[in-house]
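Below: one structure, written as structure tokens.
In what follows, every heavy atom counts, from backbone to side chain, and hydrogens, waters and symmetry copies are set aside. A, B, ... follow the sequence lines: proteins, then strands. Residue 1 opens every chain. Here the structure is a predicted model, which is why all the values come from computation and not from measurement.
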Number of protein chains: 2
Amino acid sequence: MSGPRFEPVRTVRAYERIVEQVEQAIESGALSPGQRLPSERDLMGQFSVSRSTVREALRVLQARGLVRSRPGDPNGAEVLPFSSDALQKSMASLARVEGLSLGELVQFRMVLDGSANLLAARLRTAGQLAEMEAAIERMRAAVTEGYDAFSAADVAFHDAVARASGNKLIQICVEVVRSIVLGLVADRLADAPDREALMRRSIRHHEEVLAAVRDGDGPLAARLARQTMYDYYAGYVPAAERPALRALLDQPPTVPE
Amino acid sequence: MSGPRFEPVRTVRAYERIVEQVEQAIESGALSPGQRLPSERDLMGQFSVSRSTVREALRVLQARGLVRSRPGDPNGAEVLPFSSDALQKSMASLARVEGLSLGELVQFRMVLDGSANLLAARLRTAGQLAEMEAAIERMRAAVTEGYDAFSAADVAFHDAVARASGNKLIQICVEVVRSIVLGLVADRLADAPDREALMRRSIRHHEEVLAAVRDGDGPLAARLARQTMYDYYAGYVPAAERPALRALLDQPPTVPE
DNA sequence: CGTAGCCTACTGGTCCGACCAGTGCACTAG
DNA sequence: CTAGTGCACTGGTCGGACCAGTAGGCTACG
């Protein structure tokens with residue numbers, strides 16, 4: 001009874017085919033970052049389409065963060081190294097459109113950072129450990145230099161941990177979510193009246209986390225990292241959302257009430 | 001000496017201005033999902049640009065998953081509800097370009113799913129619990145129906161847990177990463193010789209997870225969820241990557257060797 | 001009177017040709 | 001040999017044109 005199964009014909013736009021081809025060329029390595037695409041006028045010849053179509057394809061590729069074009073450049077569009085920009089953009093727009101709360105973002109960071117520390121404690125190399133130490137050292141120095149330097153060193157520490165986790169996806173997500181969170185609270189953090197005390201406490205917490213990572217105690221490192229994150233941001237999270245964050249804290253078995 | 005500080009002029013392309021305006025209109029709620037944009041020919045009047053420029057802007061908006069246009073539609077482009085499509089696309093392209101391994105993806109799922117269960121155990125409502133039970137029930141029924149039905153029910157269970165976590169970001173990331181992983185191993189899972197045994201074991205694991213969630217034992221639920229994920233996928237992960245996955249398993253304090 | 005079918009007025013997709021403002025490089029004049 | 005100029009490109013924008021769809025009104029037939 002069932003003859004040949006016909007599939008609904010998906011009408012494919014010309015510019016989509018171009019996007020596909022270029023995308024595949026990049027993913028397959030035929031085009032590597034830094035290389036240039038032919039000029040739009042060349043491409044219209046190669047693809048046998050008009051320049052408008054080529055341009056629409058390039059717009060899509062550009063929106064996805066794969067290429068960049070600059071007017072007047074004697075070469076064509078430049079193939080970009082992967083950057084999490086596109087990822088970050090869609091996640092940031094998600095944060096606005098879906099109405100992600102600061103609480104959810106911080107909670108997600110607690111999850112990611114905790115896991116990163118857990119993994120880092122078991123997989124870190126000596127060099128990565130040194131990076132973390134150096135970052136904390138810079139945090140200490142930055143207490144007197146001001147918030148920006150401190151924040152940069154703080155970021156460097158968390159990045160080092162994320163790298164040590166050995167999971168690029170964790171690394172990227174940590175980066176993306178952190179930049180969104182910082183964008184939301186940076187001004188408030190910078191203006192905190194008791195800023196210096198905050199910094200010193202944060203440094204102490206980071207030292208504890210580092211010690212756990214050095215000792216290879218993953219669960220402890222994870223717990224401390226979550227606690228550190230909570231302490232640092234809880235004040236900016238609406239009280240109603242804090243219980244959900246604390247649900248991530250009392251990790252070891254279950255703490256009886 | 002320093003006169004008025006001149007900022008470098010950032011030349012803004014016309015189509016970018018259009019993207020900005022429409023994007024903002026959507027984020028501010030002035031345009032809500034389901035509504036239609038004016039036709040391209042209308043827009044070129046409203047923005048005082050040519051149709052090419054309007055179209056390039058629409059391409060970008062479309063690439064970001066904000067609108068969709070269909071030829072022949074008597075209305076203009078449709079404003080889409082947020083979907084994780086764009087997010088998924090950039091993450092999928094990331095997976096290819098950055099060469100994310102299956103191991104890293106599964107590891108990330110273990111992290112997310114574990115955390116989702118931890119949170120769900122403490123925050124789930126009775127209704128969400130019922131959803132999870134229903135999903136497992138469908139998994140049982142699907143053992144005889146085949147892999148597709150089973151997989152769909154499995155997905156429904158994990159989605160229910162993610163929803164119960166109360167964190168939309170976790171929910172979305174779970175969805176995105178899962179679809180990438182399934183895309184990589186779906187055929188191998190479907191063709192597994194001992195498929196039925198696999199399914200039954202998976203159901204038993206899910207039941208244990210559900211029990212822990214029902215009892216409100218977050219850490220246990222998280223540990224079981226990670227273990228379930230590991231058991232289900234470890235066979236498809238290269239042996240060299242498995243130790244990194246197992247680093248997420250022996251969670252409770254630390255298991256002495 | 002009801003409906004099946006056509007016709008029209010739209011839509012987006014594609015093409016073409018043109019012009020502008022930048023950029024880099026070769027060539028030239030000092 | 002160097003400083004300056006011009007040319008030959010680039011991408012960005014414009015306007016007009018045509019096509020293939022779609023939806024909905026209109027007509028003509030039953």
Side-chain angles (χ1 to χ4, degrees), chain A residues 6-23 25-26 31 33-80 85, chain B residues 6-23 25-26 31 33-80 85:
Chain A
F6 295 118
E7 294 183 355
V9 185
R10 186 173 53 104
T11 132
V12 182
R13 286 127 214 208
Y15 74 89
E16 283 183 338
R17 307 292 297 260
I18 300 182
V19 169
E20 279 174 24
Q21 287 195 46
V22 177
E23 217 165 23
I26 293 179
L31 280 171
Q35 284 188 28
R36 317 304 281 253
L37 259 52
S39 75
E40 296 180 357
R41 290 173 175 85
D42 272 0
L43 288 174
M44 64 185 272
Q46 294 190 31
F47 289 111
S48 296
V49 296
S50 74
R51 190 148 89 102
S52 329
T53 305
V54 169
R55 285 181 60 74
E56 293 193 19
L58 288 178
R59 284 287 86 78
V60 174
L61 290 168
Q62 183 173 312
R64 296 202 186 145
L66 295 177
V67 304
R68 176 183 51 181
S69 41
R70 201 167 44 105
D73 194 324
N75 303 307
E78 178 184 3
V79 177
L80 294 178
D85 274 8
Chain B
F6 295 118
E7 294 184 354
V9 185
R10 185 173 55 103
T11 123
V12 182
R13 286 125 213 210
Y15 73 89
E16 283 183 339
R17 308 292 297 259
I18 300 182
V19 170
E20 280 174 24
Q21 287 195 46
V22 177
E23 218 165 21
I26 293 179
L31 280 171
Q35 284 188 29
R36 317 302 282 252
L37 259 52
S39 75
E40 296 179 357
R41 290 172 175 84
D42 272 0
L43 287 174
M44 63 185 270
Q46 294 190 32
F47 288 110
S48 295
V49 296
S50 75
R51 190 156 159 240
S52 329
T53 306
V54 169
R55 284 181 60 75
E56 293 193 20
L58 288 178
R59 283 287 87 80
V60 175
L61 290 168
Q62 182 173 313
R64 297 203 186 146
L66 295 178
V67 305
R68 175 185 51 181
S69 40
R70 200 169 45 106
D73 194 326
N75 303 307
E78 179 184 3
V79 178
L80 294 177
D85 275 8

Would you list the atom pairs, donor with acceptor, under 3.5 Å between side chains in residues 65-76 of chain A and any protein atom, with sequence neighbours excluded?
{"from": "A:R68", "atom 1": "NH2", "to": "A:E78", "atom 2": "OE1", "distance (Å)": "2.6"}
{"from": "A:S69", "atom 1": "OG", "to": "A:Q62", "atom 2": "OE1", "distance (Å)": "3.2"}
{"from": "A:R70", "atom 1": "NH2", "to": "A:D73", "atom 2": "OD2", "distance (Å)": "2.8"}
{"from": "A:D73", "atom 1": "OD1", "to": "A:R36", "atom 2": "NH2", "distance (Å)": "3.4"}
{"from": "A:D73", "atom 1": "OD1", "to": "A:N75", "atom 2": "N", "distance (Å)": "2.8"}
{"from": "A:D73", "atom 1": "OD2", "to": "A:R36", "atom 2": "NH2", "distance (Å)": "2.4"}

Sequence-distant partners of [X], side chain to side chain donor-acceptor pair (under 3.5 Å), two or more places apart:
{"X": "A:Q46", "value": "none"}
{"X": "A:R41", "value": "none"}
{"X": "B:S39", "value": "none"}
{"X": "B:Q21", "value": "none"}

Can you list the residues that meet the salt bridge (Lys or Arg N to Asp or Glu O under 4.0 Å) rule with B:E40, with sequence neighbours excluded?
B:R51, B:R55

Heavy atom of residues 42-64 of chain A under 4.0 Å from DNA chain D: which residues?
A:R51, A:R55, A:R59

Which protein N or O atoms sit under 3.5 Å from an N or O of nucleotides 21-23 of chain C?
{"from": "C:dT23", "atom 1": "O4'", "to": "A:G72", "atom 2": "O", "distance (Å)": "3.4"}

So which atom in B:T53 and which in B:A14 form the shortest heavy-atom distance, rounded to 0.1 Å?
CG2-CB, 3.7 Å

Calculate the interatomic distance between B:R68 atom CZ and C:dT11 atom P; express it in whole Å.
18 Å

First and last nucleotide of DNA chain D touching chain A, 5' to 3', heavy-atom cut-off 4.0 Å?
D:dT10 to D:dT13

Could you check whether A:R13 pairs with A:E56 (Lys NZ or Arg NE/NH1/NH2 to Asp/Glu carboxylate O, under 4.0 Å)?
no

What residues, two or more places apart in sequence or in another chain, satisfy side-chain contact (heavy atoms from CB on, under 4.5 Å) together with A:V79?
A:I26, A:L31, A:L37

